[in-house]
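Convention: sequence-line order gives letters A, B, ...; per-chain numbering from 1.
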Protein chains: 2
Amino acid sequence: MLKYQQVAAEIEQYINQKDLKQGDKLPVLEQLMSQYAVSKSTITKALELLERKGVIFQLRGSGIFVRRHNRPGYMSLFSTQGFKSNLGDRALTSDVLDVSVTKPHTTVAQNLGIDVTDDVYRVERVRFVDGEVFCYEESYYVKAIVPYLNREIVADSIFDYVQGALGVTIGFSDMYMQVGRLTATEAGYLGLQTDDPTLRIETIFHLSNGKPFDYSRITYHFEHSQFVVQANGPFM
Amino acid sequence: MLKYQQVAAEIEQYINQKDLKQGDKLPVLEQLMSQYAVSKSTITKALELLERKGVIFQLRGSGIFVRRHNRPGYMSLFSTQGFKSNLGDRALTSDVLDVSVTKPHTTVAQNLGIDVTDDVYRVERVRFVDGEVFCYEESYYVKAIVPYLNREIVADSIFDYVQGALGVTIGFSDMYMQVGRLTATEAGYLGLQTDDPTLRIETIFHLSNGKPFDYSRITYHFEHSQFVVQANGPFM
DNA sequence: TTGTATAATTGTACCGGTACAATTATACTA
DNA sequence: TAGTATAATTGTACCGGTACAATTATACAA
């Protein structure tokens, strides 16, 4: 683990442990510098990381302050999108409906930047948070990049497996969101009625080298899915 | 404008002008460095900014590459949330339903971190993108921070006014999303039916000093609202 | 041709420094 | 007391440097 990531993790841990609130002040830069025994650039980088994560905000001439939103029921949109392995204190489980190797449809192939003759893994799951139906997911993995999957891996975190066992690194993702009505099949999986409202998110996950390796379509249970997005901006 | 922001803007302009595609390679760091006549740290900072914006991705040992998603119909979630003044080539207009000074309800006061006896501006708008109904918005501004608003300002961009004329700087925001059904009133404004699906986003905008100054509730037309979010991660 | 060492390329981590702008505290003035 | 100039505090911009890890190109061997 990189030094600035380590420092960032420790600072975040410190904030959680002390249960600091929005607006609480952290030690000044120079003290953090000596406290963690790193250079100014490293501590700055660590703080920048925490700022992007929405954990702190910095104010020139004033100090470094804790940032914290106050709605317990809401999950971070990014934490549910494979970026964090955990959802804090909430339990995430899955019913695996399908794990199989197939040929992709045109749209799937297009989103993954591959040919319809290339192999993909198809994974179908219903996911639960604290025992409540959370979403229905259908996702496709490029077999050339993810050569093997099984029900055990899929029941847990696919991303942890991919990064751990396969040693590839995930780079960035494009998420496409829209709102619509449930089909009969979807409603069945989610325990809702046909034509009930729903949020649909399609995501294309890329490796750090820019190659797409996972295309997934998630249909959320509208009553159990509330998201928070912490933004920093305007960018420029 | 800061040097690294200027450089970032020029590089982005270069990409758009040359109409570069996903995966196209940019000049190497050293060349960009001499090309824009800045130090390595500055060009690195500019590139980091573009990376966060989803314009490029960098690959150690390989180069700097253009990142671009390929779904024209989708708007960036952040560009619709006050961060950019423009939506690219799309025209944004508004019907102003109300601009008035009132006392906030409990929830509004709570979200803005003020007292129910403090004054707020209430702004109610229906917004259009390229002439199509896009969303219904109800927002509250802390009068102590935004002392004056009128229909002209509100018809245009409130954020541009606040940052320009008032000289305050917007720092960060917390967005809370959920899916639900339209009320009769909302349906009327959006030209839809009662109980049609909808996306609701509540946002609390903070100044750079951390003080909330705007709380807004937006109800989107589910057929005309499709969003893209470009994420970089995992963070750590 | 195919695989394998080796070298060149290239971005990132980390160091340390100066200058400065925004904020906050202090001292002064009316 | 209240406002105002002044000083101290504090994070950020920008500079330049070394070391290194990941990628890609090259040379060599089988």
**OP:** Using the six-membered ring wherever Trp is involved, compare the ring planes of B/Y74 and A/Y176 and label them parallel, tilted or perpendicular (cut-offs 30° and 60°).
**Re:**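 B/Y74 vs A/Y176 ring planes: perpendicular.
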
Original post:
Aromatic rings A/F159 and A/F213: how do their planes relate, parallel, tilted or perpendicular, breaks at 30° and 60°?
Top reply: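 Perpendicular: the ring planes of A/F159 and A/F213 meet at over 60°.
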
Let me know the distance between [atom1] of [X] and [atom2] of [N], rounded to the nearest Å.
{"X": "B/I56", "N": "C/dT12", "atom1": "CD1", "atom2": "P", "value": "8 Å"}
{"X": "A/E30", "N": "C/dG17", "atom1": "CD", "atom2": "C1'", "value": "13 Å"}
{"X": "A/L32", "N": "C/dC14", "atom1": "CG", "atom2": "C1'", "value": "17 Å"}
{"X": "B/L50", "N": "C/dG11", "atom1": "CG", "atom2": "C1'", "value": "15 Å"}
{"X": "B/I64", "N": "D/dT23", "atom1": "CD1", "atom2": "C1'", "value": "14 Å"}
{"X": "B/E48", "N": "D/dT12", "atom1": "CD", "atom2": "P", "value": "13 Å"}
{"X": "B/F57", "N": "D/dT23", "atom1": "CZ", "atom2": "C1'", "value": "13 Å"}
{"X": "B/L49", "N": "D/dA13", "atom1": "CG", "atom2": "P", "value": "10 Å"}

Subject >> Closest non-hydrogen atom pair between B/Q22 and B/H69, with its separation >> reply: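 It is OE1-N, 4.5 Å.
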
Nearest listed nucleotide, side chain of [X], among [options]:
{"X": "B/R60", "options": "C/dA22, C/dG11, C/dC15", "value": "C/dG11"}
{"X": "B/Q58", "options": "C/dG11, C/dA13, C/dA21", "value": "C/dG11"}
{"X": "B/S41", "options": "D/dC15, C/dT12, D/dA13", "value": "D/dC15"}
{"X": "B/K25", "options": "D/dG11, D/dC15, C/dT10", "value": "C/dT10"}
{"X": "B/S39", "options": "C/dC15, D/dC15, C/dA13", "value": "D/dC15"}
{"X": "A/V28", "options": "C/dC14, D/dT10, C/dG11", "value": "D/dT10"}

**OP:** Give one of base, sugar-phosphate or nothing for B/L2, where a contact means two heavy atoms less than 4.0 Å apart.
**Re:**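 Contact class for B/L2: sugar-phosphate only.
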
Original post:
Checking all strands, does A/L47 fall into the base, sugar-phosphate, or nothing category for heavy-atom contacts under 4.0 angstrom?
Top reply: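 Result for A/L47 = nothing.
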
Respond yes when some side-chain nitrogen or oxygen of [X] is under 4.0 Å from OP1 or OP2 of [N], and no when none is.
{"X": "B/S62", "N": "D/dT23", "answer": "no"}
{"X": "B/K45", "N": "D/dA13", "answer": "yes"}
{"X": "B/T42", "N": "D/dA13", "answer": "no"}
{"X": "A/K3", "N": "C/dC15", "answer": "yes"}

Subject >> D/dA25 - base-pair partner by Watson-Crick or wobble geometry, distances under 3.5 Å >> reply: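 The answer is C/dT6, by the H-bond criterion.
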
Subject >> G-U wobble or Watson-Crick pairing nucleotide for D/dT18 (cut-off 3.5 Å, both distances) >> reply: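 Looking at the geometry, D/dT18 pairs with C/dA13.
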
Original post:
Do B/N232 and B/R67 get their side chains close enough for a donor-acceptor pair, meaning under 3.5 Å?
Top reply: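 A pair is found: one side chain offers a donor N or O, the other an acceptor, under 3.5 Å apart.
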
List, one per line, each side-chain donor-acceptor pair under 3.5 Å for residues 145-155 of chain B, sequence neighbours excluded.
unit_1 : atom_1 : unit_2 : atom_2 : d
B/Y148 : OH     : B/N150 : ND2    : 3.3
B/N150 : OD1    : B/E152 : N      : 3.0
B/N150 : OD1    : B/I153 : N      : 2.9
B/R151 : NH2    : B/V96  : O      : 2.7

Original post:
Closer to the 5' end of DNA chain C via nearest nucleotide, is it B/L26 or A/K40?
Top reply: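 Per heavy-atom nearest nucleotide, the more 5' residue is B/L26.
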
Subject >> Residue whose closest nucleotide on DNA chain C lies nearer the 5' end, A/L59 versus A/M33 >> reply: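 The 5'-side residue here is A/M33.
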
Original post:
When rounded to the nearest 0.5 angstrom, what distance separates CZ in B/R71 from CG in A/N111?
Top reply: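 Result: 4.5 Å between the selected atoms.
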
